2 protein chains.
Amino acid sequence: MTKPALRDWQSVRDEVRRRIHARQWKPGDLIPNETDLAAEFGCARATVNRALRTLAETGLLDRRRKAGTRVALQPVAKATLDIPVIRHEVEGRGQTYGYQRLARDWAVPPAQVSGSMRTPASRQMLHLCALHLADDLPYAVEQRWINTATVPAAEREPFLQISANEWLLAHAPYTHGDIAFSAAAADEAEAALLSCAVGAALFVVDRLTWDNAASVTKVRLIFPPGHQLRTAL
Amino acid sequence: MTKPALRDWQSVRDEVRRRIHARQWKPGDLIPNETDLAAEFGCARATVNRALRTLAETGLLDRRRKAGTRVALQPVAKATLDIPVIRHEVEGRGQTYGYQRLARDWAVPPAQVSGSMRTPASRQMLHLCALHLADDLPYAVEQRWINTATVPAAEREPFLQISANEWLLAHAPYTHGDIAFSAAAADEAEAALLSCAVGAALFVVDRLTWDNAASVTKVRLIFPPGHQLRTAL
DNA sequence: CAGTGGTCTAGACCACTAT
DNA sequence: TAGTGGTCTAGACCACTGT
């Protein structure tokens, strides 16, 4: 019995996945090298490379030069989260988006904020508080500090019509950042804004973005009880 | 002034990113096609393709055949989460991992569970409850249903020494799954296990995995107050 | 030192889709 | 229908790393 040639890298990827899944190649096993697989599959080595590279990126394979390619012992699940602009997130659910700016002021941030943003401890920063709505119900509270040394244009923006969430993406590019997810109990202000009980379990997203070595903004998004962040695995 | 050729796809990617960041190419702009960029950079089109494809995967570019490549108007941040085995997660923090099986029983799951796992509503499933520890402190509670129609070997595994979290990865491959993050208030049992107050805000991860059309397992991981899930952006 | 993956090249064909 | 990205190929050279 001869097998038909696998024509594209997706087919090769699927066949390799199938063999791993069928335990033909077991966790920890060394699999044939690219040249041999290319010969077996009847395609170019570059095609096999693309397939195996993709599988390595998802954590199913471990690849090392000279050592070869092994089936991962404990495949680390990789979940890719899309973090869209909140307006798009709401509209994507088929709901009507609403926005209210609650506060815009200049203040010296807490030491924890200036510390993590690497700004002088005594310097004032632009501080914003806003509410995002979905079908007129509270969707998320946004609390934000903006480093106007990095984004001077923000000084002239009132953020009355457009949220900082959206304005910054178009006006303040970032090179990298950190994001953290956690749970927190609602304080009185948050409970009032989100129409929930004080102490209710809120879903919290903290994000800090950088433009090279300069911090851009630090934001906390607070979601009402029941909010879920979902993704495929 | 002539520019030196860009030798590899990472250099091309960096140069394209630089131009976008410098607003030489603005959000919404059409950028030159692959052939022209290859000529400008002095490299093969495949090299440009690899660079632009990578940037499109991160959401910075929108690419469509015939329509060309545009700078994304609202770059959707893509965060890749690594979801390792809990033992590795703990050990990676330099802490000592501990594990306690709290319960292992057969039961008919709630309709919500059998419904989402697409199993007969009246069929018993293997149910597990376990506690993961870091330096002898509670790290996470694991509540799990296992579809033994898909993973019959689980019937003979006591899960006393090894957690289902870890055993399943080695013995029950999955093809795809869903994961959801949320916040929940601690009930009495959870509060006792995690040494926190009833009603405290807990971080919750719900995961459901599939082997093609057959569900494998549905698990809820519950983390004590203060737990954060972090990643780079 | 030798084997493996990582990448580049030049050319080709194809798939999709805006016009 | 024509322009663009998506991919494959065959061959080459290189980088890394186990032995």
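Owing to the predicted nature of the structure, the values given are computational and were not obtained by experimental measurement. We use all heavy atoms of the structure for the numbers below, so side chains are in, but hydrogens, waters and symmetry mates are not. Residue numbers begin at 1 in each chain, while the letters A, B, ... track the order of the sequences.
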**OP:** Describe the nucleic acid contact of A:Thr35 in one word from base, sugar-phosphate, nothing, applying a heavy-atom distance below 4.0 Å.
**Re:** nothing

**OP:** Assign B:Arg64 to base, sugar-phosphate, or nothing according to its heavy-atom contacts below 4.0 angstrom with the strands shown.
**Re:** sugar-phosphate

Round to the nearest Å and state the distance from [X] atom [atom1] to [N] atom [atom2].
| X | N | atom1 | atom2 | answer |
| --- | --- | --- | --- | --- |
| A:Arg65 | D:dC14 | CZ | P | 13 Å |
| A:Leu30 | C:dT4 | CG | C1' | 10 Å |
| B:Leu52 | D:dT7 | CG | P | 13 Å |
| A:Arg50 | D:dA10 | CZ | C1' | 18 Å |

Original post:
Can you say whether the rings of B:Phe203 and B:Phe223 are parallel (under 30°), tilted (30 to 60°) or perpendicular (over 60°)?
Top reply: tilted

Original post:
How are the rings of A:His132 and A:Tyr97 set relative to one another: parallel (under 30°), tilted (30 to 60°) or perpendicular (over 60°)?
Top reply: tilted

**OP:** From the options D:dG6, D:dA10, C:dT9, select the nucleotide whose nearest atom is closest to the side chain of B:Thr47.
**Re:** C:dT9

Subject >> Which nucleotide in C:dT7, D:dT4, D:dG18 has an atom nearest any side-chain atom of A:Lys66 >> reply: D:dG18

Subject >> Shortest non-hydrogen contact between B:Glu155 and B:Arg104, atoms and distance >> reply: O-NH2, 2.9 Å

Subject >> Check: A:Ser11/A:Asp8 side-chain N/O donor and acceptor closer than 3.5 Å >> reply: yes

Subject >> Quiz item: A:Arg45 side-chain donor-acceptor pair to C:dT7 base, under 3.5 Å >> reply: yes

Original post:
5'-most contact on DNA chain C: B:Ala67 or A:Glu34, nearest heavy atom basis?
Top reply: A:Glu34

